[in-house]
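In what follows, chains carry the letters A, B, and so on, assigned in the order in which the sequence lines appear, proteins first and then strands, with residues in each chain numbered from 1. Source: prediction; values computed, not measured.
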Amino acid sequence: MRHRAPDLYASLLSWWAHHGRRDVPWRLLPGGRQPGPDDVLPTYPVWVAEVMLQQTRLAVALPFWRRWLDRFPDLASLAAASRQDVLHAWQGLGYYARAQQLHGVATQLAAAKRQLPADRAGLERLSGLGRTTAASIAATVGNSADPILDGNVRRLLARLLAFPAPPRQATALFWTMVELLLNGRRARDFNQALMDLGALVCRPRAPLCRCCPWQRHCHAYAKGIQQQLPVRPTPTPIPRFVVGVGVVLDRQGKVLIGQRQPDGLLGGLWEFVGGTQEPGETMAATVVRALWQNVGLAVAVGPELLRFDHAYTHRRLSFVVYLCRPVAGDARPVVNQQVVWVWPHDLHRYPFSAAHIRIIQALRERSGQT
DNA sequence: TATTCGTGGTA
DNA sequence: TTACCAAGAAT
């Protein structure tokens with residue numbers, strides 16, 4: 001009995017030829033010409049793009065990718081850059097460990113006088129690349145026979161099979177399926193077509209089944225349950241915290257910032273000093289305690305600068321930010337890598353997270369008024 | 001295997 | 001306002 005994989009492949013590529021996205025990184029590479037099946041694309045810009053695109057929407061990553069290539073056009077320039085410059089180029093993209101991994105790989109390769117590998121096995125040994133990203137790079141660059149299994153493909157296959165559990169439980173099955181669908185053929189267009197189909201038609205919400213080349217093969221569609229798939233894993237409750245932040249200005253008008261430890265949340269980024277409110281504690285007390293514990297500085301809490309909510313994947317924070325004056329002690333790094341006093345107009349030289357960018361913006365608006 | 005890594009758009 | 005979620009990987 002013949003399986004139906006060849007039919008699915010052909011209908012997918014036929015759909016993609018007319019409806020695939022044009023603004024994907026490998027179709028935007030310098031040179032402009034659309035690559036033919038035998039063309040080999042440069043590995044470095046594809047590597048950067050694929051890492052940026054991990055858990056990040058195409059439209060979000062694209063401007064970062066362009067700026068990055070403008071700033072670090074090749075592996076050598078990235079290797080020669082400072083960690084600060086690299087983090088600064090990544091500022092606002094999130095998952096900052098990815099930037100440090102790119103930098104680390106570039107540095108190690110440069111020290112060994114080696115170039116990026118272009119095959120999946122070699123790529124997968126690099127820090128920050130799992131099977132999907134390595135396969136996507138290899139297939140994009142060399143048009144190798146390496147299928148991918150990203151979020152788009154998982155969702156698509158979960159619906160195609162009407163898989164009755166969270167897709168993560170079907171990882172082995174889905175890998176086998178994409179291998180069968182690709183059937184040893186070259187994967188550059190195939191992988192892109194699968195992702196485009198997931199992004200444009202088999203969308204997370206309100207899939208456009210009328211436009212889908214696989215509609216007649218789709219078990220979820222046949223059952224009318226495409227809206228209910230894929231099955232979501234039971235969400236874990238997200239803790240909420242209130243964070244008190246002190247923007248400390250000294251007599252000169254310099255402001256105190258600290259650099260976070262290299263690993264963990266927002267690793268290596270700079271921040272204003274703060275801490276989470278404890279039960280029964282006033283906001284002012286939280287700020288005083290945070291400054292004392294984190295940098296050994298006694299401060300007087302002044303007026304509130306702003307308050308806002310900020311959500312991370314696994315916690316929700318409410319920031320309350322106060323202007324403060326130092327009263328006693330010298331700022332020293334306790335929980336931070338280092339602390340420095342900087343002029344407000346030099347803050348843009350340091351990489352900050354989105355929440356602290358917002359604080360900087362409020363600081364600017366306030367100083368502009370007075 | 002389950003958590004932990006950001007951010008901003010969207011309904 | 002809230003919850004969901006996106007070109008996943010590391011631990």
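A/F352 and A/F272 have parallel rings, their planes meeting at less than 30° on a 0 to 90° scale where 60° marks the start of perpendicular. Taking the six-membered ring where the residue is Trp, A/H19 and A/W15 present parallel rings, their angle staying beneath 30° rather than reaching 60°. Below 30°, between 30° and 60°, or above 60°: for A/H310 and A/F319 the angle between ring planes is above 60°, a perpendicular geometry.
Between B/dA11 and C/dA7, the distance separating the two P atoms is 15 Å to the nearest Å. Here the separation of B/dT3 from C/dC4, taken at their P atoms, is 16 Å to the nearest Å. Across C/dT1 and B/dG8, the matching C1' atoms stand 16 Å from one another, rounded to whole Å. Straight-line distance between the C1' atoms of B/dG6 and C/dC5: roughly 13 Å, to the nearest whole Å.
The shortest distance between the side-chain N/O atoms of A/R98 and the OP1/OP2 oxygens of B/dT4 is not below 4.0 Å.
Atom-to-atom, CD of A/Q91 to P of B/dG6 comes out at 13 Å; the value is rounded to the nearest Å. Atom CG of A/L317 and atom P of B/dT4 are 14 Å apart (whole Å). Across the protein-nucleic acid pair, A/W90 atom CH2 and B/dT7 atom C1' stand 13 Å apart, rounded to whole Å. Spacing between atom CD of A/Q100 and atom C1' of B/dG6 amounts to 14 Å, rounded to whole angstrom units.
With respect to A/R260 and A/E271, a salt bridge is recorded, a charged nitrogen being found less than 4.0 Å from a carboxylate O.
Using a 4.0 Å heavy-atom cutoff across all strands shown, A/A354 reaches sugar-phosphate atoms only and no base atom. Contact annotation for A/R358: no contact, since no heavy-atom pair falls under 4.0 Å across all strands.
Mapped onto DNA chain B by nearest heavy atom, A/G92 and A/T236 fall at different nucleotides, with A/T236 at the one closer to the 5' end. Between A/H314 and A/A311, the one whose closest nucleotide on DNA chain B sits nearer the 5' end is A/H314.
Atom CD of residue A/Q259 and atom CZ of residue A/R83 lie 8.5 Å apart, to the nearest 0.5 angstrom.
In this structure, A/R185 satisfies the cation-pi test against A/Y9, with its NZ or CZ atom closer than 6.0 Å to the six-membered ring centre and inside 45 degrees of the ring normal.
Of all heavy-atom pairs between A/L29 and A/P42, the closest is CD1-CD, 4.0 Å.
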Annotated protein contacts, base or backbone, on nucleotides 4-11 of chain C with a non-hydrogen cut-off under 4.0 Å, one of B, S, - each: BBBBBSS-
